[in-house]
Amino acid sequence: MPDVAPFSAGLTARNLAVARGGRIIVDGVDLDLAPGEAIVLRGPNGAGKTTLLRALAGLLAPAAGAIQATGERVFCGVRSATKPALTVDENLRFWARLYQSGEIESARNRLGLDDYAKRPAGHLSTGFLRRLGLARLLLSSRPLWFVDEPTSGLDKDASAIFEGIIADHRKTGGAAIIATHETLNAPGARQLELRNAEAAA
Amino acid sequence: MPDVAPFSAGLTARNLAVARGGRIIVDGVDLDLAPGEAIVLRGPNGAGKTTLLRALAGLLAPAAGAIQATGERVFCGVRSATKPALTVDENLRFWARLYQSGEIESARNRLGLDDYAKRPAGHLSTGFLRRLGLARLLLSSRPLWFVDEPTSGLDKDASAIFEGIIADHRKTGGAAIIATHETLNAPGARQLELRNAEAAA
Amino acid sequence: MNAFAAIIVRDVALAFRAGGGALQAASFFALTIVLFALAIGPDLTLMQRIAAPALWTGALLATQISLEQIYRPDREDGSLDVLVETSDTLAFVALAKAAGHWLSTGLVLIAATPVLALLLNISGAALVPLILSLLIGTPGLSLIGAFAGALTAALPRAGLLIAIIVSPLYAPILIFGAGAAAAGAAGDPQYSANLMLLGASSLFAAVISPLASAAALRFNLD
Amino acid sequence: MNAFAAIIVRDVALAFRAGGGALQAASFFALTIVLFALAIGPDLTLMQRIAAPALWTGALLATQISLEQIYRPDREDGSLDVLVETSDTLAFVALAKAAGHWLSTGLVLIAATPVLALLLNISGAALVPLILSLLIGTPGLSLIGAFAGALTAALPRAGLLIAIIVSPLYAPILIFGAGAAAAGAAGDPQYSANLMLLGASSLFAAVISPLASAAALRFNLD
Amino acid sequence: MANNAVKRTSLYDFANPVRFEAIAGRVFPFALFGALTLGALGLYFGLFNSPADYQQGDTVRIMYVHVPAAWMALFCYSSMAASSAAGFIWKHPLADVAAKETAPIGAGFTFLALLTGSLWGKPMWGAWWAWDARLTSVLILFFLYLGYMALWRAIPDKTRAARLAAILAIVGFVNVPIIKFSVDWWNSLHQPASIIRADGPTIHSSMLTPLFLMISAYMLAYIAMLLAAMRNEMMARRLARLEDADAVRPASVVEPGAVRT
Ligand code: HEM
Ligand SMILES: Nc1ncnc2c1ncn2[C@@H]1O[C@H](COP(=O)(O)OP(=O)(O)OP(=O)(O)O)[C@@H](O)[C@H]1O
Ligand SMILES: Nc1ncnc2c1ncn2[C@@H]1O[C@H](COP(=O)(O)OP(=O)(O)OP(=O)(O)O)[C@@H](O)[C@H]1O
Ligand SMILES: [Mg+2]
Ligand SMILES: [Mg+2]
């Protein structure tokens with residue numbers, strides 16, 4: 001795919017509804033994301049943050065409404081998308097090839113994974129596995145990021161690193177939507193609350 | 001097994017060393033846990049918190065040193081130990097039978113899972129799956145708890161619920177060691193820090 | 001309900017859920033026979049000659065592919081920790097797991113046998129010894145298989161390993177089982193001798209497997 | 001290296017890692033034959049008669065049990081999201097996955113065939129058509145199988161479904177393949193006809209499978 | 001497990017790795033030399049200085065390679081199981097390594113028996129392979145070896161691999177007689193054992209001399225190969241440990257603020 005110049009990157013959703021397991025989870029969402037902007041998505045458990053993120057990232061077909069994205073999108077969820085049998089570097093290399101971009105070393109180094117480069121991902125601790133998953137955002141070099149609970153399992157340093165990564169991403173005109181329950185230091189980020197968690201059937 | 005009276009429950013570790021993947025991860029740990037006491041275990045990613053917890057819980061054989069536990073132990077890790085194909089209630093019932101104790105309803109209700117009682121665990125959101133995992137602590141009605149990153153993925157209400165559960169557990173003379181990166185409101189809990197994380201080979 | 005029963009009940013329930021292992025084993029069994037019949041082509045006498053061996057081999061393969069599911073999922077989702085926590089003697093847990101596996105695999109295979117026997121036009125007289133041999137032999141398969149599953153519980157994909165580990169140990173049961181089925185069909189006096197040896201093999205497995213499995217599980221917790 | 005190659009390389013690498021699927025298929029194949037021989041009893045003439053069908057059935061079963069591993073792991077660990085994100089046309093991804101599967105399964109099975117042919121003492125003259133039929137047929141098995149895997153990627157344990165979906169689709173390949181091997185060994189003129197039909201089936205699969213798989217995958221991302 | 005602690009200390013006295021290195025270093029050359037000379041002698045007697053079989057002709061000479069190999073296949077599996085048991089009970093690394101390194105050697109002998117056997121079979125039975133009892137049981141034995149080695153390979157953590165593989169070796173060993181019996185039961189075409197028999201050997205003595213020369217040669221070769229392999233493994237492990245030692249700084253519990261050094 002042609003790499004869209006990050007600057008023009010943006011996203012709009014109008015009257016969006018998303019279903020999961022045959023049930024409408026989120027409904028009537030209107031949302032605009034401008035280049036360089038960040039949205040922190042909050043809400044109680046089961047509110048539909050993950051569902052909404054996946055829909056905005058184009059991984060779930062909307063049940064109703066429309067999504068318009070200028071620029072390529074990357075979703076980074078709770079599942080790290082790593083192969084335990086492959087080493088950290090092998091996982092990174094595979095992603096770099098898929099996205100046809102990114103330098104492995106700089107991404108690995110940025111997330112403090114250098115010591116683990118040759119270790120199988122299956123031997124990483126919770127937090128380091130999370131870091132490896134987040135490294136994919138850097139490799140993708142795509143403008144629109146959708147990140148689900150990035151800092152859960154991360155220690156203070158790693159959380160700070162991630163906040164720095166988001167800041168840099170926005171400086172270059174990238175945009176991000178981040179779902180989290182934790183305090184996240186993202187200056188000037190819009191806070192968006194998902195309410196009325198569905199009462200289960 | 002005979003249910004040890006909670007009051008007498010305690011744990012001591014002397015000069016404990018734990019290996020993982022054939023490598024010594026944690027070394028020279030001396031630790032005392034008295035009835036009614038709680039320890040919050042902190043430390044950077046990869047320091048060995050999970051490893052230490054599993055060893056103290058009796059799930060990893062120590063490489064050196066000794067552990068003495070009076071009272072039964074229960075470990076609650078990041079993996080929720082639930083079966084996605086079984087409903088919330090079925091998962092709870094199975095545990096209740098294994099531990100030969102606990103009322104399903106009260107545990108389910110305490111963690112706000114009532115709406116999901118008849119739903120397959122595989123359809124739960126991150127946070128609600130975590131809640132289900134934590135419910136096992138209540139069902140076990142064992143005095144010594146070892147909990148790994150309990151509040152990651154939980155919303156504020158759920159975190160508060162968990163803090164309440166710990167408080168009640170301590171009131172009845174139970175004790176707990178909790179590994180976490182997040183702020184945890186546990187009055188009078190001892191803070192322990194794991195340091196000198198290994199630099200990987 | 002005590003823990004022993006609880007484990008069996010849960011595993012059987014899981015096996016019969018959508019995507020569970022019970023019907024999978026049965027269908028794999030059936031398809032093995034059907035496909036093999038297709039490959040051979042229409043030759044009734046030949047069919048009859050190889051019916052018992054084919055069915056026994058099919059049952060063994062169907063069991064083998066289900067072995068990975070006995071312990072690995074429990075290890076991955078943390079359930080194994082809970083089982084270890086709550087058992088004084090892990091060998092009983094291992095026995096319960098093996099029993100659960102037999103109820104949801106061996107028994108199902110036996111239930112499917114008559115239909116397949118019809119397909120391979122096995123006579124009613126030949127069917128009885130076949131079923132009997134399976135009834136006596138399959139518990140041994142589940143027990144030995146559970147041990148292989150316990151050994152490899154910590155490995156992400158152990159199918160290969162399990163197959164290699166288990167096949168030599170399965171050889172006696174297969175030989176006596178298929179032998180009994182064939183002898184029984186032919187009215188051969190060796191019939192009862194084969195059944196005895198088959199039963200002995202299963203009993204032997206019932207003694208060794210739980211202990212060996214328990215020992216193996218202890219080392220697969222980290 | 002482009003994405004298409006990257007996917008193949010990674011899948012083959014994973015398959016040959018300890019616990020990977022490649023050797024698993026081969027050993028399952030070999031053990032199927034050995035166990036079947038044990039079940040039949042030492043009867044060389046009978047074995048020779050059923051060698052080709054047994055080998056073809058074994059190869060098909062070995063392929064079938066590996067199908068679940070094509071897409072489900074990627075779906076579970078989130079890799080499938082990444083594959084979808086990074087591909088303009090998902091059909092190419094599907095083709096790459098099928099190719100990777102054949103390289104790490106079909107090819108390995110073919111490599112193992114000569115040794116097994118020895119055990120079933122198949123003559124050299126009969127071996128050539130057998131290998132040839134497998135070379136032409138197994139890609140079809142991988143392609144069709146990958147489609148079944150894509151359909152069931154979202155199911156925790158789809159072995160049953162895959163077997164049921166795949167077997168009717170495999171029937172033609174099995175019939176033409178085993179037919180070709182047998183005809184070739186007997187110097188039967190139908191040999192070439194069988195091979196033609198076999199090749200046609202594989203080609204057909206090569207056209208349909210990637211498109212169908214891509215469509216199926218889109219519905220399995222939730 | 002309590003009494004093991006006692007045994008363990010005493011065992012370490014007898015077989016600590018360092019002393020093993022020394023002993024192995026001294027024994028190895030003799031074993032190797034003996035293996036080569038006896039092997040040469042055995043082959044000489046076998047090929048040139050013993051009668052051809054009246055019905056098998058010169059092909060009978062394959063026996064001098066084949067039979068000892070077959071016996072070693074069985075012997076190696078027994079010793080593998082024995083050292084596995086020792087390693088499991090006394091947790092002694094040397095025993096683990098001995099078991100681990102015996103496996104490929106035993107598998108090698110097994111393969112040699114299979115190979116020479118089928119080479120022998122071609123002239124004898126007109127087929128490379130026959131589903132004869134002994135052939136089949138040796139084939140199954142070969143699978144037992146493969147399973148054991150595959151398990152070692154699959155588990156990265158050496159200590160855990162040792163324990164689990166030991167369990168497998170022991171279970172397999174207990175089953176060997178059952179397998180052998182079942183296969184014999186299944187088929188009894190192969191000629192009856194004519195060397196190990198209550199009424200003594202029936203083979204001509206001029207055949208026995210080279211046979212026993214070859215058997216002792218195989219045994220010495222096994223010892224030599226085992227010692228060499230064990231030494232390499234021990235060194236490799238020490239290297240790995242050294243690498244880890246400076247790479248790994250284990251963590252420990254400290255009260256907040258204080259940093260443990
Ligand atoms: C893969 C092929 C074969 C294998 C694995 C095999 C296995 C064995 C084994 C395990 C032994 C030693 C055990 C014992 O002596 O009780 C043995 C001995 C022997 N085998 Fe084989 N065998 C094979 C093929 C053959 C063939 C083709 C012949 C020739 C007809 C043959 C003739 C003998 C003889 C003469 C002995 C030693 C005398 C005796 O103990 O009976 N073997 N074989
Ligand atoms: N695969 C699924 N099938 C059916 N329902 C699902 C599925 N996944 C999630 N749900 C339901 O959708 C609702 C929203 O789930 P979602 O994961 O989006 O919530 P969330 O806001 O991310 O919660 P959390 O903060 O716990 O992650 C929940 O009620 C959940 O039960
Ligand atoms: N199964 C394993 N095999 C080998 N090494 C492992 C294994 N599990 C963990 N480790 C290593 O042990 C060390 C400690 O891991 P552990 O999970 O205990 O850390 P942690 O303190 O829990 O980290 P986190 O805060 O990220 O959860 C890490 O360096 C990790 O690489
Ligand atoms: Mg979520
Ligand atoms: Mg941890």
Side-chain angles (χ1 to χ4, degrees), chain C residues 53 137 140 143-144 146-180 182-183 190 193-194 196-198 200-205 207-222, chain E residues 1 73 77 81 84-85 87-89 91 96 103 107 110 131 133 135-188:
Chain C
L143 284 156
I144 297 173
F147 162 64
L151 268 183
T152 57
L155 302 175
R157 278 169 61 185
L160 158 67
L161 216 60
I162 289 183
I164 298 181
I165 289 172
V166 120
S167 300
L169 303 177
Y170 274 177
I173 294 183
L174 180 62
I175 289 171
F176 297 137
Q190 284 207 328
N194 269 304
M196 302 288 262
L197 292 165
L198 186 61
S201 315
S202 284
L203 275 178
F204 184 69
V207 178
I208 300 287
S209 161
L211 301 170
S213 305
L217 288 175
R218 289 229 171 276
F219 294 105
N220 276 331
L221 283 178
D222 96 327
Chain E
M1 277 287 154
Y77 198 85
S84 294
F88 188 82
I89 297 168
K91 313 255 177 303
D96 295 337
T110 315
W131 289 91
L135 281 63
T136 309
S137 52
V138 171
L139 181 64
I140 295 176
L141 183 64
F142 189 60
F143 284 132
L144 280 175
Y145 274 115
L146 289 186
Y148 177 87
M149 292 191 289
L151 188 60
W152 260 107
R153 241 188 95 254
I155 304 170
D157 174 355
K158 289 261 182 298
T159 13
R160 200 209 292 172
R163 302 286 168 270
L164 291 172
I167 298 171
L168 177 59
I170 294 161
V171 170
F173 183 69
V174 175
N175 275 278
V176 163
I178 305 173
I179 295 172
K180 183 102 174 71
F181 171 78
S182 68
V183 174
D184 288 344
W185 171 272
W186 174 69
N187 166 332
S188 44

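Each chain gets a letter, A, B and so on, in the order the sequences are listed, and its residues count up from 1. Computed over heavy atoms, backbone and side chain alike; hydrogens, waters and symmetry mates excluded.
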Worksheet item: Of the backbone (N, CA, C, O) and the side chain (C-beta and beyond), which part of C/Leu151 lies under 4.5 Å from a heavy atom of chain E, both, or neither?
Response: both

Worksheet item: Out of C/Ile173, C/Ile164, C/Leu174, which one racks up the most heavy-atom pairs below 4.5 Å with chain E?
Response: C/Ile164

Fill in: Minimum heavy-atom distance E/Ala150-C/Leu161, with the two atoms named
CB-CD1, 3.2 Å

Fill in: Heavy-atom closest pair, residues E/Ile178 and C/Phe204
CD1-CE2, 3.5 Å

Discussion item. How long is the straight-line distance from CZ of C/Phe147 back to CG of E/Leu168, given to the nearest 0.5 Å?
Written reply: 5.5 Å

Fill in: For the student: nearest non-hydrogen atoms of C/Leu169 and E/Gly172, plus distance
CD2-CA, 4.4 Å

Fill in: Value rounded to 0.5 Å, distance of CG in C/Leu155 from CG in E/Leu151
7.0 Å

Worksheet item: Relative to chain C, which segment of E/Phe181 carries a heavy atom at a distance below 4.5 Å: side chain, backbone, both, or neither?
Response: side chain

Fill in: Non-hydrogen atoms of E/Ile179 and C/Pro168 that approach each other most closely
CD1-O, 3.4 Å

Item to complete: Measure across E/Arg160 and C/Phe219 and return the closest heavy-atom pair with its distance rounded to 0.1 Å.
Response: CD-O, 2.8 Å

Fill in: Contacting moiety of C/Leu197, where chain E heavy atoms sit under 4.5 Å
side chain

Worksheet entry | Heavy-atom side-chain contact between E/Leu164 and C/Asn220 under 4.5 Å | yes

Worksheet, complete the sentence: Okay, C/Phe176 and chain E: the region with an atom under 4.5 Å from a heavy atom over there is side chain

Worksheet, complete the sentence: One option among E/Val176, E/Asp157, E/Leu146, E/Leu144 has the most heavy-atom pairs under 4.5 Å with chain C, and it is E/Leu144

Worksheet item: In Å, rounded to the nearest 0.5 Å, how long is the span from CD1 of E/Ile140 to CD1 of C/Ile175?
Response: 5.5 Å

